[in-house]
Each structure stands twice: as structure tokens, then as C-alpha cells.
Amino acid sequence: MTATIKHYLQFSDLSADEYAYLLQRAARLKQKFKRYENHKSLTDHTLAMIFEKASTRTRVSFEAGMYQLGGSVVHLTTGDSQLGRSEPIEDSARVISRMVDLVMIRTYEQSKLEKFAEHSRVPVINGLTNEFHPCQILADIFTFIEHRGAIKGKTVAWVGDGNNMANTWLQAAQLLDFKLHVSAPRGYELDEKLALGSSADPAHFQTFANPLDACRGAHLVTTDVWTSMGYEEENAQRLAAFADWKVDQRMMAVAQPDALFMHCLPAHRGEEVDAEVIDGPQSVVWDEAENRMHVQKALMEYLMLGRRED
């Protein structure tokens, strides 16, 4: 049974062909949602959501999406689950996966997620780890396609911390054949070996010391908070190190004239992005946030039921 389980622990877990299906399926499910059409493909299915990191968008998007598909949700926080504390992760996985059909985990170490998946009888989805955030990048790519068409051959500029988002963008660039420009302060660079291992292809990414250069000619400019959850003790140090990496009008001006701006949220206006950019006409952050739900509906359906045409 375990040999046929498909998990989604990082972006590279699926193929380009699978992403083509998921992106089309997400568009179909979004159309149904906007037309108030019922689509109950996951009736009698249960999603367990385990949160060791707090969440707004991840919880709402998964929970609302699962209910819209006709399923039910069990919500567990750190206090409820004690994942790997009072009980080994392996045992938690064996127990929880006997009672539900799908598990989403938002936690710290990728290794904890992988250990849970190894002992799970049902698919496991990465809702965010320190290393990767595949559901967010899936939503971002879907949003780009909605507004500008195919992302293949385009250039995405990542400005800021070489974090889980940057790692995932790098996997996506290599898999879906677009170019990633990355600019991060010294000491916070992208770790391409973590993201790609020995398969790193420099044809799909380029690093820049100057963030303005990274944005030059880009079709999408995107960033994240400078201090991610779990790194709060470094906040003062990071504010100083990232001072020149705020996405502003100068950066958007050197990108393509119709370049989009994205941010996974929550945003700190005046820190990693100027208010004029995130609240300006090139920003699609609200579509991006909503699209988490639509792509995750397609993903959950696919992991449990496979490809569908209804």
C-alpha cells in the first residue's frame, strides 16, 4: 500500500506533467467556486491539519477548501498533538494516518515532515517547513499564469532572504523551465545544494549582489518578510543586513513594464516592500492569497483520487 502513496513534501515531488494537470484543475475548480457550483469530490474524506507553526492563510485555505470539496477537517495544534514530543513521530504517523485520508503538516524541520510521511498510510502535504513551502509557490505560479500566461521562459526575481520560499522557487524554475534571479544579503544567500542537490542547473538561476540588477527585465518580482517564524531572535540583526533589499519603485521600474509583484504575506510595509508597491497596480497579492485555496483543492483531490475530468 505504501508504495502507491504520493506525498507532497517539496515542489520537486511532482513532475512537470503533473503540474500541468494541477494548474488546469485548479482553474477548473476556481471557475466552479466563482459560479457557486457544488463540487463534492471528497465527500467522506477527512483531512488532519497539524500546526507546529502558527498560520492564517494555510489554515483557512486548507480548511475552507476541504469543506468545499465535501470533506471534513481535524485541526491539531502543538498543544494537541505534541508531535515527536510525548510520542515519537513514527507512532503519531501510524496512529493518525489510520483515522484520516490525508495529513497536512506545518512545522519547523523538513526532516520531521519526512519522518512522518515515511510512516504514514495516507498522503502527507507540506504546509510549510523551514526548508520548503511548495503550496505557496504552486499558488504563485497559478497566479502568474492567470495574469500573464505561461511561466516557461520567463524571469522571476527573488529579493531578500534565501529562505524556504527561495528554495522552492529554485526547484520550480528547474522543473518548469523558467529563470530565477536571486539577490540576498551576504550570509543569507540561497543554498542551491539544499534545494536541488546534485541536479542543480545554473541555466535556471543566477545570483546578484545588487537587488536592482536581479529585478532588471524580470516578469515577476517577489519577496518575503526578512525575519521568518522561528528566527525572531535575529530580527535586529536582519533589519540591518536587509536594509538595501526592500522592494521599491526603483526595482519595479527596471523590471518588465507589465511585471507583477507578489508576496506570500503577512507583509511589513516599509521593511521588505514599500506600501506603494504592494498596494500598487502591479501587485497581485490578494489574488495570490486566494489562490492558495484553489491550488490546494486541486492538490488534495489529486493525491487522494488521481486525475479527474468532472
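Any value given below was found using the heavy atoms of this structure, including those in side chains, with hydrogens, waters and symmetry copies removed.
Following chains of ILVMFWY side-chain contacts shorter than 4.5 Å, one cannot reach Leu194 starting from Tyr108, and the two form parts of different hydrophobic clusters. At a threshold of 4.5 Å between side-chain heavy atoms, the hydrophobic network of Ile, Leu, Val, Met, Phe, Trp and Tyr places Leu299 and Leu128 in two separate groups.
A distance-only check finds a donor-acceptor pair linking the side chain of Asp13 to the backbone of Leu9 [under 3.5 Å].
Ion pairing between Glu109 and Lys115 fails under the 4.0 Å rule for side-chain N and carboxylate O.
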Would you list the atom pairs, donor with acceptor, under 3.5 Å between side chains in residues 65-74 and any protein atom, with sequence neighbours excluded?
residue, atom, partner, partner atom, Å
Gln68, OE1, Lys297, NZ, 2.7
Ser72, OG, Thr46, OG1, 3.0

What pairs of donor and acceptor atoms, side-chain ones from residues 205-218 against any protein atom, are under 3.5 angstrom apart with sequence neighbours left out?
residue, atom, partner, partner atom, Å
Asn210, OD1, Leu212, N, 2.9
Asp213, OD1, Arg216, NH2, 3.1

Side chains of residues 168-178: which donor-acceptor pairs under 3.5 Å do they make with residues two or more places apart or in other chains?
residue, atom, partner, partner atom, Å
Thr168, OG1, His133, N, 2.9
Thr168, OG1, Asn164, O, 2.7
Gln171, OE1, Phe11, N, 3.1
Gln171, OE1, Ser12, N, 3.1
Gln171, NE2, Gln10, OE1, 2.6
Gln171, NE2, Ala195, O, 2.8
Gln174, OE1, Asp201, N, 2.9
Gln174, NE2, Ser199, O, 2.7
Asp177, OD1, His204, NE2, 3.1

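Grouping Ile, Leu, Val, Met, Phe, Trp and Tyr residues whose side-chain heavy atoms lie under 4.5 Å apart, directly or via other members, places Phe33 in a hydrophobic cluster with Met293.
For CG of Asp258, the number of neighbouring non-hydrogen atoms (other residues, nucleotides, ligands) closer than 6.0 Å is greater than 12. Around the NZ atom of Lys32, the shell of radius 6.0 Å holds more than 12 heavy atoms that belong to other residues, nucleotides or ligands. With a 6.0 Å radius and a threshold of 12 heavy atoms from other residues, nucleotides or ligands, Arg307 has its CZ atom above the threshold. Environment of CZ in Arg186: sparse, with no more than 12 heavy atoms of neighbouring residues, nucleotides or ligands closer than 6.0 Å.
By the side-chain contact (heavy atoms from CB on, under 4.5 Å) test, Ser15 pairs with Asp17, Glu18, sequence neighbours left out. With sequence neighbours excluded, no residue satisfies side-chain hydrogen bond (donor to acceptor under 3.5 Å, both in side chains) with Asp101.
Side chain to side chain, Glu87 and Ser92 meet the donor-acceptor criterion of an N or O pair below 3.5 Å.
The line from CG of Asp248 to NZ of Lys246 is 6.5 Å long, rounded to the nearest 0.5 Å.
Looking only at side-chain heavy atoms (C-beta outward), Val284 and Glu146 stay at 4.5 Å or farther from each other.
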